[in-house]
Amino acid sequence: MMKGFLEYVPGDSFLHRMNPVAKLGVALLLVIATFATGNFVLLALLAVLDVVLAAQCKMLPQTLGLARAVALFSLLLALIALLFTPQGDVLVALPWGYIGTESVIAAVLIVVRLVVCAVPLFLVFYVTKLTDMANALVKVLHVPYKYAFTFMSTVHFIPVFMNDMSGIMEAQTARGVEFDGGIAKKIRLMMPLCVPLLVSSVRKTNSAAIAAEVRGFNLRTRESGFKEYPLAGMDYAALAVGVLILAAAIALSVLGL
């Protein structure tokens, strides 16, 4: 069974031991490399790297579940690209254009890119405590604490709002509302539920702001944190590998491969 959304998963893997900033940096480098190249061989190697990292963190089932969900979501974008970006030799004629060979490649590329780039960020946030991520950004990159706290709070509130929405939908289901059906029906039924969700969100955000102010949020500085986050050799090595992958992606793109 999958862990809760962005619920920290403890462990002793290579990724767990890395500096939070290094982990985030490597993940971003891999994401940029994914979108910087259209070479399917490099994308396949990145996909294999994702699987290896997931297996090393003992999160392969969760990662495969995420990949499946992202792939299903990206199919919609791929379908739009397939139908409305006529490129290459004509395969199927349409009233408004055509489906070409390059259209098919572009559609497949969308699915592959979204799946490959989602996994590194997924793993980083699951093997890193949000407090460590925010504090490391402050300590290592000298990011002002209020911005790091805002980032941490934004990520933290996503599962909270998802749980609230799930609770509201369960309450409506208990009252006889049926959410089964097509996408149009689900959207029509869920739109009114956004109002109570918005009210609940504002209340939670206001309570969190008051609590932070009472605890001296405005007095927090870089020196306030007692824990240090030094970069080790494996952090530099991982960043170097990320830079090399990005350089390879850019080089292949420039060469048209």
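Values reported hereafter were calculated over all heavy atoms of this structure, with side chains retained and with hydrogens, waters and symmetry mates removed. Counting begins at 1 with the first residue of the sequence.
In this structure, the separation between NZ on Lys139 and CG on Asn19 is 12.5 Å, given to the nearest 0.5 Å. Once rounded to the nearest 0.5 Å, the distance linking OH of Tyr126 with CG of Leu121 reads 13.0 Å. Going from atom CE of Met234 over to atom CG of Leu15 covers 9.5 Å, rounded to the nearest 0.5 Å. Interatomic distance, CD of Glu228 versus CG of Asn135, reported as 10.5 Å (0.5 Å rounding). Once rounded to the nearest 0.5 Å, the distance linking CG of Leu42 with OG1 of Thr37 reads 5.0 Å. To the nearest 0.5 Å, the span separating NE2 on His16 from NZ on Lys23 amounts to 7.0 Å.
Residues Val51 and Leu123 fall into different hydrophobic clusters, defined by Ile, Leu, Val, Met, Phe, Trp and Tyr side chains chained together at heavy-atom separations under 4.5 Å. Val48 and Val241 are not part of a single hydrophobic cluster, where members link through side-chain heavy atoms under 4.5 Å apart. A single hydrophobic cluster is not seen to contain both Leu252 and Leu45; linkage of ILVMFWY side chains at heavy-atom distances under 4.5 Å, directly or through other members, places them apart. Clustering ILVMFWY residues whenever any of their side-chain heavy atoms sit less than 4.5 angstrom apart, transitively, puts Leu239 in a cluster other than the one holding Val52. There is a path of hydrophobic side-chain contacts, each under 4.5 Å, that joins Leu30 to Phe40.
Using a 4.5 Å heavy-atom threshold, the side chains of Thr34 and Val112 count as separate. The closest side-chain heavy-atom distance from Leu75 to Val111 is below 4.5 Å. At least one side-chain heavy atom of Leu130 sits less than 4.5 Å from a side-chain heavy atom of Phe125. With a 4.5 Å cut-off on side-chain heavy atoms, Leu43 and Leu109 count as touching. The side-chain heavy atoms of Asp132 and Tyr229, taken from C-beta on, include a pair separated by under 4.5 Å. No side-chain heavy atom of Tyr147 sits less than 4.5 Å from a side-chain heavy atom of Leu137. Put simply, the side chain of Met59 does not reach to within 4.5 Å of the side chain of Leu53, judged on heavy atoms. The shortest distance between side-chain heavy atoms of Phe35 and Leu114 falls below 4.5 Å.
When every heavy atom of Val116 is checked against every heavy atom of Ala47, the shortest pair comes out as CG2-CB, 4.0 Å. When all heavy atoms of Ala238 and Phe14 are compared, the pair lying nearest together is CB-CZ, 4.2 Å. Pairing each heavy atom of Val138 with each of Ala148, the nearest pair is CG2-CB, 3.7 Å. The two atoms that bring Val124 and Met133 nearest to each other are CG1-CE, 3.8 Å, heavy atoms only. For Thr128 against Pro20, the heavy-atom pair with the smallest separation is CG2-CB, 3.9 Å. Of all the heavy atoms in Leu231 and Ala22, the pair that sits closest is CD2-CB, 4.1 Å.
A donor-acceptor pair under 3.5 Å links the side-chain atoms of Ser103 to the main chain of Thr85, judged by distance alone. With hydrogens and angles disregarded, no donor-acceptor distance shorter than 3.5 Å links the side chain of Ser253 to the backbone of Ala249. The backbone N or O of Arg203 lies less than 3.5 Å from no partner atom in the side chain of Asn206, so there is not a single donor-acceptor pair.
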Leu66 vs Val115, side chain to side chain contact (heavy atoms under 4.5 Å, CB included): CA-CA, chis, key distance, verdict: CA-CA 8 Å; Leu66 170 80; Val115 172; over 6 Å; no
Full working for side chain to side chain contact (heavy atoms under 4.5 Å, CB included) between Phe122 and Thr63: CA-CA 8 Å; Phe122 167 82; Thr63 302; 3.6 Å; yes
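Around the CZ atom of Arg17, the shell of radius 6.0 Å holds more than 12 heavy atoms that belong to other residues, nucleotides or ligands.
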